[in-house]
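The analysis underlying the following values was restricted to heavy atoms, covering all of them including side chains, and did not include hydrogens, waters or symmetry mates. A note on names: the letters A, B, ... follow the listed sequences, proteins ahead of strands, and every chain is numbered from 1.
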Amino acid sequence: VSFEASLQRLQEIVDALETQELPLARSLELFEEAITHLREATVELARAEATVKVLRERADGVLETLQHDA
Amino acid sequence: VSEGGRGRAARQPGTPSLFERDPQPAGGSVPVKAARARDSADPGALPGTAISVTTLAAITRDIIEGSFPALWVRGEVVDFKPHRRGHWYFALRDEESLVRCVVWASDQRRMLVAPDDGMAVLARGMLTVYPARSELQLRVVRLEGVGDGLWRKAFEQTRARLERDGLFAAERKRPLPMLPRRVAVITSLDGAALHDVVAVAKRRCPIAEIVVVPAIVQGDDAVGSLCAALDRIARWNEADVVIIGRGGGSREELWAFNDERVVRAVAACAVPTIAAIGHEVDVTLCDLVADCRAATPSAAGERAVPVLDALRERVGRLGESLGTAGQAAVRGAARRLASASRGFTHTAVRLVDDRRARLDAVAGRLTALSPLRTMARGFAVVTDARGGTVSSVSGVSPGDALRVRLQDGVIGVRAERIERDAPAAPAGGGDR
């Protein structure tokens with residue numbers, strides 16, 4: 001699931017919980033689903049800082065990313 | 001032709017005298033050929049040694065070809081005719097003179113487009129002689145427009161072809177990913193564009209990985225290099241968004257981004273593309289075909305990645321809203337439960353009341369709470385093997401597998417025995 005899909009679903013669930021009178025079981029089901037998306041999104045946003053790389057093609061055609069020094 | 005001829009006059013006094021009868025050599029130095037021409041045994045010196053027309057034409061061509069370096073000639077194109085084998089024939093003229101020109105198909109690779117009659121051009125070529133008519137002919141190897149006539153024609157022709165294929169259609173534009181993990185940047189490794197993209201993208205979103213795919217962005221090798229870079233990205237298959245661009249430059253320097261092969265390769269890119277080519281006023285065909293056009297490389301960096309802090313804040317707010325909404329949902333359900341409590345056991349109602357009281361107590365600080373806190377206070381949700389919520393003992397048999405959802409996880413349990421409560425008198429303390 002992409003980040004924006006997670007975020008969108010999270011928003012939908014919050015909207016549904018806020019505006020609709022859902023049975024308790026359904027609310028909890030949605031809530032659990034939302035927690036999963038929230039966790040995924042949070043993990044995605046907590047990734048470590050990344051460096052700049054350069055994509056190089058070796059003589060044998062294999063592509064590799066190397067640290068870019070600049 | 002007259003310019004070239006005049007310029008060379010000093011070096012070629014002997015050339016015309018090959019066929020002259022004048023016994024006096026012209027000038028101080030006597031050209032070898034001229035001297036030999038007076039020898040009665042030489043070809044063409046006497047009726048008996050007359051040379052053929054073909055020989056004459058061949059000699060003329062050799063002399064012309066050997067006497068002129070490649071020249072830039074300026075003039076107006078007239079009488080343009082494409083040959084069925086791909087060669088172009090035309091003449092260059094000015095107010096007084098005209099010279100025939102040819103562009104062999106093999107020499108057209110580096111040319112933008114065929115010129116039209118009336119276009120003012122600069123043609124670089126080698127002077128030769130077309131033997132069938134002993135006619136001077138300039139073999140043109142480079143052709144540039146004076147003004148933008150030739151550029152505009154090439155641009156419009158390519159644009160029309162791409163437009164016919166629907167490559168500029170608005171519905172082709174794909175949205176950019178909100179949070180790309182990897183941003184591929186096709187540009188020159190030592191250009192200012194790369195620095196700008198990296199600086200902006202890193203400042204906004206340090207967790208996004210920027211992967212430079214080096215390419216030559218101007219000159220004869222740019223088209224092949226840019227296509228190869230796009231091909232590498234396709235084979236690598238790890239990029240979430242691609243920026244293709246370079247800093248500002250002349251029209252000629254930016255031209256590779258109008259090349260049909262490059263434009264089609266950008267259109268075929270599997271992930272969304274951002275074009276950032278030159279300055280805002282420069283619009284190339286790559287800009288038109290990309291999913292997003294950024295005015296500058298810095299702007300491309302902005303479009304490619306979000307401001308991480310703002311996104312984190314948004315997700316944090318969503319989490320809080322989820323907590324609030326979850327609490328409200330539980331509260332609403334509890335209220336509905338209580339109002340329908342007539343058929344419920346006293347115990348159940350007390351449970352609801354108890355929960356309601358607690359919920360009311362925390363109503364003021366709901367935003368900080370998650371419904372999981374409700375579970376933290378000891379509540380659990382029981383579901384059966386099919387995932388359905390179990391709210392009554394009826395329907396549960398000894399031995400049934402059940403799931404008990406607590407605040408921090410799920411316990412898989414098996415029902416041991418069923419103890420049904422005795423029916424209680426309807427309670428009056430509901431939600432009235």
Side-chain angles (χ1 to χ4, degrees), chain A, chain B residues 175 177-182 184-185 189-190 194-195 198 201-202 205-214 228-229 232-233 235-240 308 311-312 314-316 318-319 321-330 332-334 336-337 370-372 375 381 383 387-389 391 405:
Chain A
V1 189
S2 73
F3 179 83
E4 50 261 67
S6 259
L7 215 56
Q8 193 190 339
R9 183 67 187 138
L10 188 53
Q11 183 73 62
E12 277 169 16
I13 292 175
V14 169
D15 291 346
L17 291 176
E18 278 173 349
T19 58
Q20 297 170 30
E21 290 218 328
L22 298 165
L24 184 60
R26 178 67 186 146
S27 294
L28 281 166
E29 197 177 287
L30 286 176
F31 189 84
E32 280 198 49
E33 189 196 334
I35 288 289
T36 308
H37 290 303
L38 185 63
R39 191 181 302 126
E40 276 167 12
T42 308
V43 165
E44 194 67 22
L45 289 173
R47 287 203 322 269
E49 287 197 11
T51 52
V52 179
K53 306 259 177 45
V54 181
L55 184 69
R56 293 283 185 193
E57 183 165 7
R58 294 197 325 225
D60 59 3
V62 173
L63 294 161
E64 55 188 4
T65 55
L66 307 172
Q67 205 65 38
H68 176 51
D69 314 300
Chain B
M178 182 188 282
L179 180 67
R181 283 196 177 186
R182 288 186 196 82
V185 185
L189 260 188
D190 38 42
L194 177 60
H195 174 267
V198 169
K202 279 283 147 209
C205 188
I207 64 172
E209 187 173 301
I210 297 177
V211 179
V212 189
V213 188
R232 277 188 198 121
I233 288 173
R235 283 185 286 132
W236 182 48
N237 200 25
E238 299 273 340
D240 299 310
L308 182 64
L311 201 54
R312 281 180 173 155
R314 183 178 158 197
V315 170
L318 260 177
S321 302
L322 178 66
T324 309
Q327 285 287 0
V330 170
R336 293 198 301 280
L337 193 64
S370 139
L372 288 186
M375 289 178 167
V381 177
T383 52
T389 311
S391 52
R405 183 80 171 95

Do [X] and [Y] touch side chain to side chain, with heavy atoms closer than 4.5 Å?
| X | Y | result |
| --- | --- | --- |
| B:Leu322 | A:Ile35 | yes |
| B:Val198 | A:His68 | no |
| A:Arg56 | B:Pro214 | yes |

Taking every heavy-atom pair that is under 4.5 Å apart, which of [options] has the most such pairs with chain B?
| options | value |
| --- | --- |
| A:Leu17, A:Thr42, A:Leu66, A:Val62 | A:Leu17 |
| A:Thr19, A:Val52, A:Leu30, A:Thr65 | A:Val52 |
| A:Asp15, A:Leu22, A:Ile13 | A:Leu22 |

(message) What's the separation between atom CG in A:Leu63 and atom CZ in B:Arg235, rounded to the nearest 0.5 Å?
(response) 5.0 Å

(request) Supply the atom-to-atom distance B:Leu179 CG to A:Ser6 OG, rounded to the nearest 0.5 angstrom. (result) 11.0 Å

(message) Is A:Ala16 close to chain B through its backbone or its side chain, or both, or neither, when contacts mean heavy atoms under 4.5 Å?
(response) neither

(request) Using non-hydrogen atoms and a 4.5 Å limit, figure out which bit of A:Ala48 sits close to chain B: side chain, backbone, both or neither. (result) backbone

(request) Output yes when A:Glu44 and B:Arg181 qualify as a salt bridge under the 4.0 Å nitrogen-oxygen rule, no when they do not. (result) yes

(message) Under the criterion side-chain contact (heavy atoms from CB on, under 4.5 Å), I'd like the reasoning laid out for B:Arg314 against A:Leu7: C-alpha separation, chi angles, the key distance, then a yes or no.
(response) CA-CA 10 Å; B:Arg314 183 178 158 197; A:Leu7 215 56; 3.8 Å; yes

